[in-house]
Each structure stands twice: as structure tokens, then as C-alpha cells.
Amino acid sequence: MVSPRAGSIEAIVRGGGDPTKVVICHLDITPDLDTALRIVELGAYAELDTFGLELYNDVQGTRYPRDSERIELLQRLVERRYLRQVLIA
């Protein structure tokens, strides 16, 4: 199953859009390597921008991952040579 985030990029590409002008933010709320890889493989940018929100539950019951999980996702993207497509905020 394609994640909604990756599906959005695929739709942009199908429509003739330029994926290099797209940033998918908050990707580290659910740090899934397969989703992140699909996004950067399609040419878009992956933004990791929730550092510091560890084990916080919001009103919707979202459980944020630990920073160590975010760093692991970042390391895996860097190992695969996608550093230029990763934004950290």
C-alpha cells in the first residue's frame, strides 16, 4: 500500500508537476523508512521537523517518537545518499 504522502507525490508527477519543488513536512512524526525513501526516490524533499517532541500525546492521541528514532531515519536516508533531499527544521 502506498502511503498518502508518497501517493501525493505520485499524483503530482502524473499531473506533470515537478516533484523537486515539493516538501513533505512532519515526516518524522511517523518515521517510516519505506515512505521516506519513496518520497525522495520520486524527487521530493523529506522534512524532519519535530525534533524535541518526545513521547508527547496531543489531543488526538498522537504518540510522537523519540529523537533517537528520528535520528535513525535520518541516518538511513544519509546512508542511501539522500542527504541533499532532507530538510531539518
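Applying the side-chain contact (heavy atoms from CB on, under 4.5 Å) test to Asp18 and every residue at least two apart in sequence or in another chain returns Thr20, Lys21. The side-chain contact (heavy atoms from CB on, under 4.5 Å) search around Leu42 returns Ile9, Glu10, Arg38, not counting sequence neighbours. Taking Pro65 as the reference, Pro31, Arg63, Glu69, Arg70 meet the side-chain contact (heavy atoms from CB on, under 4.5 Å) condition, with sequence neighbours excluded. Residues meeting the side-chain contact (heavy atoms from CB on, under 4.5 Å) test with Asp49, sequence neighbours left out: Cys25, His26, Asp28, Glu47, Ala89.
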Cut-off 3.5 Å, no hydrogens considered: what does the side-chain donor-acceptor table look like for residues 75-83, sequence neighbours left out?
residue: Arg76; atom: NH2; partner: Glu72; partner atom: OE2; Å: 3.1
residue: Arg80; atom: NH1; partner: Arg76; partner atom: O; Å: 3.2

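Closest non-hydrogen pair, Phe51 versus Asp67, comes out as CA-OD1, 3.4 Å. Among all heavy-atom pairs drawn from Tyr64 and Leu53, the shortest one is CB-O, 3.0 Å.
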Checklist entry - Do Leu73 and Leu48 pass the side-chain contact (heavy atoms from CB on, under 4.5 Å) test, and can you show the C-alpha distance, the side-chain angles, and the key distance before you say yes or no? => result CA-CA 9 Å; Leu73 176 62; Leu48 309 179; 3.8 Å; yes
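Grouping the Ile, Leu, Val, Met, Phe, Trp and Tyr side chains by contacts below 4.5 angstrom, directly or via other members, places Val13 apart from Val23. Under the 4.5 Å side-chain heavy-atom criterion for grouping Ile, Leu, Val, Met, Phe, Trp and Tyr, Ile29 is not connected to Leu74 through any hydrophobic cluster. Hydrophobic clustering, with ILVMFWY side chains joined whenever heavy atoms are under 4.5 angstrom apart, keeps Ile12 apart from Tyr45.
Using a distance-only test at 3.5 Å, with no hydrogens or angles considered, a donor-acceptor pair links the side chain of Gln85 to the main chain of Val40.
The structure places CD1 of Ile24 at 11.0 Å from CG of Leu87, a figure rounded to the nearest 0.5 Å.
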